Every structure is written in C-alpha cells, then in structure tokens.
Amino acid sequence: MKTVAVFGAGGFVGSTLVEHLLAVGSWQVRPCIHSSGGAWRLAPHGIELHTVDVTDRAQVQGILRDCSHVVNASRGERDVMLEGLQILLEESRAAGIERFVHLSSVSAYGVRAPGSLLRSADPPAEELTGYGRTKLEQDQMVESAQDKGLACVALAPPYISGAYSGFLLQVMQAMHDGTLALIDGGALPCSLIDVQNLAIALESALVCERADGRRLLVTDDDTRTWGDLVGALRALSDDPPAPPTLSRDEATRLTAQVEPRASFGASLRTLGSILTGPATRRALADDPLIGRAYALASGAVPESLKRRIPGRRPAANPAARASATTAFDRHLLEVQLRAIRHDCKDAREQLGYRPALDFDGSMRAFASWYRATHGFGTDSWAALRQL
Amino acid sequence: MSQPDPLRLGLIGAGLITEGAHLPAALASPRVRLTAIVDPVAERAEQLAESAGIEARIASDYASVLDDVDAVVIATPNHTHLEIAIACLEAGVSTLIEKPLARSVTEGEAIVRAEQASRGVVAVGYCTRFWESVALLQELLTAGFFGEVRGFDYQFGAMRGWSSRSGFHLDRDAVGGGLLVTTGTHFLDRMLYWFGTPREVSLLDDSRGGPEANALATARFDGTLGAFEGRIRLSRTVALQPGFAMDTTRGTVLLRDGEHESLRFRPHEQPGLECALTRSGGARFGGDSMYQHQLDDFVGACLDGTTPMVPVEQGLDVVRLVEAFYTNRSPLRMDWYDSARGVAQ
C-alpha cells in the first residue's frame, strides 16, 4: 500500500482529505500537523498525528522516509508558506516521492475582469492580492520542481463549501449581523467546490500521470447564484432577515478602493484616527482618573464630539445604516462583483475528476453538520441563544 | 507573635500552565517560598527559574526534591498524577494536583488512600471554582433563591485547543479520555458543586478510538433542587459561545464563561428585566486571578489546616462522573456526507 504524507492535515481541507483517504482505505496516511492544539478534528480517529514544522528540513526528511506521495495543504504566514514549500519540494525530490500534489487557489490567477470565464491554462492577471501573489509564487515553485524531475500537480479551488466550511459560516454571520447585501438580487454566479469534492480531486491527482506539471481548476459541477446560496443558508437561521439588494453600480461604488498615498498629512490623520478611535476612547473612559476627568469636562465638549463618546451615540437609523459603506461586508460584496465562473473541464478530462456532490448535496451536508455541531433547532439552541 | 515560616513550594512540570498560571501565583504569594522546579527537560525548569529571577532547586526527577519542599503543584500529564502524588504524599508533602485528579476511579481512590495515610493534604485544580459567579450561584441555589430548577444547558466550543508542550492531550490513554476530560471536567466539577450527583447520565461522542473532539452529555437530577435534565455540548471543532443557561421556577439564570463577577438573572414575573446578581459587601473571589485564589486556598490548607475548596474526595467525584459518562456512551454520528450524496449520485 502506498503511503501519502498530508501536510496541513489539521486544517479544513487537510482534515477532510485525511478522513476521505482513511475511508477509501487504499492509502497509508501520514497526517502532518503544525501543532496538537489545531488537530482535534482528526484526534477521534485514534491515528498517529505527526507534529512537523515544514521549515525544519530534518523533520521533513524524517517524515518523508518511506512515503511515496505528498499532499501539501499547509497554510501560514507568507514566509513560512514559501520557505516550507521549498523544503517540501526539495526533500520530496530527494526522497524519490512519486507525485507531489499542491493545493493552490483561484487567487493565484489574479484579479480577473468581472464576469469572466476562467480556464486552467489561463495566465495570471497582472493584479494580484497579497494572498494570490503568495499562491502564485508557490505555483511557480511547484512548476520549477516539475522541471527538475518531481512529478507535481497543483489544484486550484474557489471558495470551499460543505461541512466545516468557514466561508459559509462567514456568509451566515454576515446575514445574522445584517451586513450581507446581495447584488442584483443575488443573480450573480457563486462558484464553489464542496470540500468532499476537493478531497476526491486531490486523491485523483495523487494517482494520475496525465496531469503532471499542470495547475487545474477544480469546482463543483453546477455553478449556482448567490441567491441560491443565501436561500439555502437562511433555512439555518431563526429569524432569517432578507438581505438587502444593491445594484452593481452601487456595490462597485461602495467597494471602490482609493490607493493610499504616502504623505505626512495622511500619516497624521491615521494617527489621529487611532487616538480618537472608539477603542482608544473606550480605554480612556474606562480609566478611573481619566474617565472622571472626561465626564467632568463633557459639559464643555461640543455636541458633535459628544456623539463620539462611547455609550452616547444616538441610535442608528436603520435606513441610514443600510446606505452606509461600513454597513455591508465589503469582502462579500467584492467576491460577488467578481462574478467569475471557473471551467474545470481540464480537471475532468485529465484527472478523471467526477464530483460526488452537487450544490444541493453540498448544502445538505453543511446543514447536517451545522445542526449537529451547533445544536441548531434543539431546545438547547433556544436556551443558549440568550447568552 | 512571629509569622509562621512560608510554605516551601515545588512546581512539578514546567509546561505552559505552570509558566502562565502556577508560577505567577506562587511568586505573588507572600506565604510561599518557591524552592524547586522539576521537569523531565531540566533546561525548561531552569529557564522558568531564570525568567522569574528566583533561586530554586532544578531537577528532572521529582523524587530528588521531596526533602526541599513542604508542598508541590503537580502540573504534569494526567497519566503521571498517580505516581507523583503517591510519592509526594508518602513523603508527607501536600499536593495541588492539576485537574483531573486521575485517569480512572481506581487511580483516584489510590490517591485518596495515600492522602488518608499521609500528613500531607491534597487539593484538586478545578480553578473555575474560584470564579465569583460560580460560588455565588452555588450559594443562591442552596438558599433556594431561584425556586426549583427546571433544567440547564451548557456549551463550550473552540476550533483550536490548548497545545501542550508534550502533546499528551491528544493521547486518549495519557488523558484518560478526550474532550470530556481535557475541557469538560471543569464544567462537570461545577455541575457537581451546584447540583450534586446526577441520578443518570448518558453521552454521545465522536470517538472512533481516539480522544473525542465533540461530545453531547446529558445528566438527569432528582433531588432537593427539583427533577430536571442538564445538557452539555462540548466541541473542539466548532466555535460556540461558551456559557450556561438555567431555567428555574423563578426565572432564567445566564452565565457566560468569561463573565465571572456576577450572574445574570431574568425573572419570569418581569419579562424584559435582567438583573446582575452580585454579593453586597464585596466579592468573595474578586480582584486576583482564579489561580491566585486557588493557590492561596491550597496554602491555607497546608499552613492553617483549613479544608481546600476542592478536596481530594470531590476530585474523585469528578473522575467517577467521567467514568459514568463513558460507561453510558453512544457514538455520535458524524457522517454528514452519507445522506447528502443521495441526489448527487
């Protein structure tokens, strides 16, 4: 039986992959975790977990001994991600690893024109996010390792759904907080991959020669809309508020970025905003001495400043709040505006990738997980909501 | 009248809990002189002594320091508690044992017997007993302030856990269980303190051989406080707002983990009203950290002969309860995808 070392096994994708491979039963799995505190999801299996620092060459060498395959699903700070991957690739080559599968991301393709169809072979755009730049550099390292003789495959998923999905929890939290707005009534596409489908794709990549040297987009089969997603998630809320809708123009305006320019005035304004920010003011008000002086002096404070004092802010007008930039989760607006569709035809053809779950199945898995682990719908849920 | 000599205290185990909790408490106590730090990795013990600026005996073997101490804090992996505690007690050394007391009732009973035969005393490190809100709730329940209890819920959930230096907490044998022990015993101890021993318990957990990471425990009570059921949800894979909600004939009591100074009470007769219950005349456990109160309590037991807040018998009660839960356990289904695949395939 082949032995696969999974780095980042304590994470969302890594844990799912390890559980999938254990269930499949045709691999010896060597789960590599960064720290024991983050590996609880795998602990119930009673399998040996290896604590490995990927930037420690000797530790990596020790782990790769007797392994035939490697999956890298580790994450971390930029420096660690780059240095760690370099060591993993070099030591995998030295250890004669048969195939190295790297978890990339669609962010490595850069910021695309809204509404585009992204294909696996597309070159990266010039504009990249910080994370996207790191993932692209990683992909280039993987490509270079392939050139040096290590069989490598990189898989690039979009946002990941399914059980344990942090992205879906983020959308639910935004709905709960009233900070989620849907663009065009939720009509824009929402490209996802269920984490179980991703595990299946990773397993396919471990054994498929045809994809060597390639970076492949992997998604669910069916691309649905943000309206579909929110509709499914609202069923997991007690009082599901209907998210407000924005036009694309409004959303574009709200998310428009102004590049900060270096200037003395701007730096002073930044410093001023920190000193007058709510956290600073609250800390000052909490100090027994400063707080008392603050209260005594408040009679001389202009009304415009009083409104900035914690606890004295006038009640927010919901209508005004709905139109303010800060009322909405900017990141979720940006994700919707991209409206990118991902073509995973290459993954189907070259990996033989066949997703096991469609959107509805994925959402059922998430709902099942959410109900069981959060207690949604139980008597306890109602009691503990009061906290 | 001269002051009694300070207690010569040793710290056994120089891991994170010692560094972050027991050492600062010992250094802040005027009734304690820290005389020894022990760790299998002696350099680690030496680093702690250096960082604290103290001259203490450094050793890798606890047996070698027993002549230098009157009492010790045992902050080592659970599977070592029995051996160390018995050796200390046989030498007449009092012990504050980090929770849980032991991995099993058999081990716990051996420690109880050793204490009975020793001049030393044992306290168990259920530090949340020293939250003001916990003590206040116990007193109000005993006084019948809330009427009859109808039921309670407790939950704790965090996506990451304590990363012990040894990593022992993911070893089911070393721990004596899983999440129910590593995290849950703090609440189980509070539950026993508040409500007494349950009549019946059951457990659903996700263990498939290793330590469970998710647990749903149910305890049924039938006593002076009423006949009621308590439900406990513990998770190390999802984040949950940790806290306690209790329904009584007079109202609802809410206690968020982290809010330790008072209880929130919502009387049924006054919907919309929430009162913060505090003790007039000052808190019993205010100001200092719970670890400071815990150490002060232990030092008092050693020097003044008082009964510690959590004596060894109560530590054993928690171990008994844990065993009862594990005896009545059923597997928690975690097969989210088995039913979800239906339509897709």
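This one's a predicted model, so the numbers in the text were calculated from it and none came from an experiment. Throughout, protein chains are lettered first and strands after them, A, B, ... in sequence-line order, and every chain is numbered starting at 1.
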| Closest-packed option against chain B by number of heavy-atom pairs under 4.5 Å, given A:S15, A:A39, A:G46, A:P44 | A:P44

| Spacing of A:L387 atom CG and B:R256 atom CZ [to the nearest 0.5 Å] | 6.5 Å

| query | Is the number of heavy atoms from other residues, nucleotides or ligands under 6.0 Å of B:R264 CZ greater than 12? | reply | yes

| Rounded to the nearest 0.5 Å, how far does CG of A:L384 lie from CZ of B:R233? | 8.5 Å

| Counting only heavy atoms not in A:R65, do more than 12 sit closer than 6.0 Å to its CZ atom? | no

| task | Answer yes or no: is there a side-chain heavy-atom contact under 4.5 Å between A:W40 and B:L170? | result | yes

| Considering all heavy atoms of both residues, which atom of B:A245 and which atom of A:A383 are nearest to each other, and what is their separation? | CB-O, 3.7 Å

| query | Checking heavy atoms, do the side chain of B:L332, its backbone, both or neither come under 4.5 Å from chain A? | reply | neither

| note | Counting heavy-atom pairs under 4.5 Å with chain B, the top scorer among A:M363, A:E19, A:H45 is A:H45

| said: Taking salt bridge (Lys or Arg N to Asp or Glu O under 4.0 Å) as the cut-off, I'd like each qualifying pair that reaches into residues 25-37 of chain A, sequence neighbours left out, listed once. | reply: none

| Exceeds 12 heavy-atom contacts within 6.0 angstrom, atom NE2 of A:H34 | no

| So does A:R341 have more than 12 non-hydrogen atoms from other groups sitting under 6.0 Å from CZ? | no

| field | Closest approach of A:Q386 to B:L254 (non-hydrogen atoms, all atoms of both residues) | value | O-CD1, 3.6 Å

| task | Can you tell which part of A:L49 gets under 4.5 Å to a heavy atom of chain B, answering side chain, backbone, both or neither? | result | side chain

| field | Engaged part of B:E212 at the chain A interface, taking heavy atoms whose separation is under 4.5 Å | value | backbone

| task | Search all heavy atoms of B:T237 against all heavy atoms of A:R41 and return the closest pair with its distance. | result | CG2-CA, 3.8 Å

| query | Which answer fits B:A158, side chain, backbone, both or neither, if we ask what part of it has an atom under 4.5 Å from a heavy atom of chain A? | reply | neither

| Would you say B:Y337 and A:T16 make side-chain contact, with heavy atoms under 4.5 Å? | no

| field | When B:M159, B:R266, B:R333, B:M334 are compared by non-hydrogen pairs under 4.5 Å with chain A, the top option | value | B:R266

| task | Supply the atom-to-atom distance B:D153 CG to A:T378 OG1, rounded to the nearest 0.5 angstrom. | result | 7.5 Å

| Minimum side-chain heavy-atom gap B:D335-A:W369 below 4.5 Å | no

| Nearest heavy-atom neighbours spanning B:H169 and A:S36 | CE1-OG, 2.9 Å

| Atom NE2 of A:H176 with >12 non-hydrogen neighbours under 6.0 angstrom | no

| query | Heavy-atom distance under 4.5 Å to chain B: side chain of A:D194, backbone, both or neither? | reply | side chain

| Is there a side-chain contact between B:W336 and A:Y164 (heavy atoms, below 4.5 Å)? | yes

| task | Below 4.5 Å from any heavy atom of chain A, which atoms of B:F244 appear? Answer side chain, backbone, both or neither. | result | backbone

| task | Answer yes or no: is there a side-chain heavy-atom contact under 4.5 Å between A:H374 and B:V238? | result | yes

| query | Are any non-hydrogen side-chain atoms of A:S380 and B:R231 less than 4.5 angstrom apart? | reply | yes

